[in-house]
Amino acid sequence: MMVGMLSDRDRTFLAGARRATLATIRPDGRPRLVPICFVLDDERPVLHTPLDDKPKRGDDPLALARVRDIRADPRVTVLVDRWDEDWSRLAWLRCEGRATIVGPTDAGHAPVVAALRAKYRQYATHRLEVRPIIRIFIERVTVWGDEDPP
């Protein structure tokens with residue numbers, strides 16, 4: 001197991017992943033887990049995940065439990081894993097950091113939307129340009145397994 005900051009191998013592993021699990025901290029201290037789509041910033045140790053148009057319990061993305069959690073306590077964890085029946089190929093990468101909510105008019109929103117649409121064709125019909133995005137500043141990375149198996 002390796003602990004530290006984001007290496008080039010970590011970046012490659014993250015960039016190739018299609019999904020991850022975001023953990024926020026609920027008001028009672030328990031983790032709240034939700035599967036996410038995400039993109040990695042090209043230059044900084046930052047992940048972005050949208051509050052997209054997939055069905056939610058309510059219409060206001062800022063009322064989502066994960067957003068309320070982040071506003072109360074910005075500490076988050078993102079877990080990306082690779083599963084394989086050949087257990088020599090198993091690997092995971094855990095990013096711990098702090099999250100903020102980025103609004104549609106905030107700096108950097110438009111390039112993130114473009115990156116999300118480039119990675120996920122499903123977002124072509126989502127109104128990401130008018131939806132908030134969660135920005136995660138990675139502070140610590142833990143890796144288990146071989147990120148580059150043969």
Side-chain angles (χ1 to χ4, degrees), residues 1-84 90-104 106-145 147:
M1 186 178 316
M2 302 281 295
V3 178
M5 285 306 297
L6 207 55
S7 70
D8 289 342
R9 287 181 74 194
D10 300 342
R11 285 185 152 282
T12 300
F13 187 79
L14 283 171
R18 301 292 297 163
R19 59 162 175 74
T21 301
L22 171 68
T24 59
I25 302 170
R26 296 166 43 139
D28 64 5
R30 292 185 301 161
R32 184 184 317 271
L33 305 172
V34 63
I36 61 168
C37 295
F38 70 95
V39 291
L40 175 63
D41 188 284
D42 288 337
E43 299 173 10
R44 302 177 297 157
V46 174
L47 296 174
H48 302 276
T49 181
L51 299 172
D52 56 33
D53 288 335
K54 290 192 295 291
K56 313 274 191 279
R57 290 185 184 188
D59 293 331
D60 180 4
L62 297 177
L64 291 170
R66 70 190 95 155
V67 173
R68 293 192 314 267
D69 292 346
I70 288 167
R71 287 187 164 161
D73 186 341
R75 294 176 297 162
V76 298
T77 300
V78 174
L79 180 69
V80 176
D81 72 298
R82 181 183 56 239
W83 170 259
D84 196 293
L90 300 178
W92 56 258
L93 185 146
R94 182 174 57 223
C95 300
E96 298 172 43
R98 296 192 177 269
T100 62
I101 307 302
V102 178
D106 292 338
H109 188 276
V112 171
V113 169
L116 285 161
R117 286 187 171 143
K119 184 172 180 178
Y120 302 98
R121 65 175 172 75
Q122 298 88 335
Y123 282 143
T125 60
H126 285 241
R127 300 169 303 129
L128 296 181
E129 61 280 349
V130 299
R131 310 275 297 187
I133 291 171
I134 298 172
R135 179 179 291 156
I136 301 164
F137 297 92
I138 300 169
E139 298 172 336
R140 179 182 165 156
V141 173
T142 306
V143 179
W144 178 86
E147 294 171 290

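None of the values given here were measured: they were computed from a predicted structure.
For the side-chain contact (heavy atoms from CB on, under 4.5 Å) with R44, the qualifying choice from D42, L40, V46, L47 is V46, the only one to do so.
When all heavy atoms of C95 and V141 are compared, the pair lying nearest together is SG-CG2, 4.4 Å. Closest approach of A20 to V80, counting heavy atoms only: CB-CG2, 3.6 Å. When all heavy atoms are compared, the tightest approach of Y120 to A17 is OH-O, 4.2 Å. Taking each heavy atom of A99 and I136 in turn, the nearest pair found is CB-CG1, 4.1 Å. Closest of all the heavy-atom pairs between F13 and R82 is CE1-NH1, 3.4 Å. Residue R32 comes nearest to R66 through the heavy atom pair CD-N, 4.3 Å, listed as atom of the first residue, atom of the second, then distance.
Using modelled atom types, one side-chain atom of R68 and one backbone atom of A63 make a donor-acceptor pair closer than 3.5 Å. Side chain of R131 to main chain of D52: a donor-acceptor pair is present (N/O by atom type, distance under 3.5 Å, no hydrogens or angles).
Here R117 contributes atom CZ and Y123 contributes atom OH; the two are 10.5 Å apart, rounded to the nearest 0.5 Å. Note: D84 CG to L90 CG = 7.0 Å, rounded to the nearest 0.5 Å. Taking CD1 of I133 as the reference point, atom CG of D106 lies at 9.5 Å (rounded to 0.5 Å). Between L22 atom CG and T49 atom OG1 the span is 7.0 Å, to the nearest 0.5 Å. In this structure, CD1 in I138 is found 11.0 Å from OG1 in T77, a value given to the nearest 0.5 Å. Note that CG of L116 is 11.0 Å distant from NE2 of H126, once rounded to the nearest 0.5 Å.
Contact check on D41 versus R11 returns no salt bridge, with no Lys/Arg side-chain nitrogen under 4.0 Å from an Asp/Glu carboxylate oxygen. Between E139 and R75 there is no salt bridge, since none of the side-chain N atoms of the basic residue sits less than 4.0 Å from a carboxylate O of the acidic one.
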Under the criterion side chain to side chain contact (heavy atoms under 4.5 Å, CB included), I'd like the reasoning laid out for R94 against D81: C-alpha separation, chi angles, the key distance, then a yes or no.
CA-CA 9 Å; R94 182 174 57 223; D81 72 298; over 6 Å; no

Does I101 form a side chain to side chain contact (heavy atoms under 4.5 Å, CB included) with I134? I'd like the steps, not just the answer.
CA-CA 5 Å; I101 307 302; I134 298 172; 3.8 Å; yes

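Between L62 and P132 the shortest side-chain heavy-atom distance falls below 4.5 Å. Between D69 and I25, every side-chain heavy-atom pair lies at or beyond the 4.5 Å cut-off.
For R18, the CZ atom counts as densely surrounded, since its 6.0 Å shell holds more than 12 non-hydrogen atoms of other residues, nucleotides or ligands.
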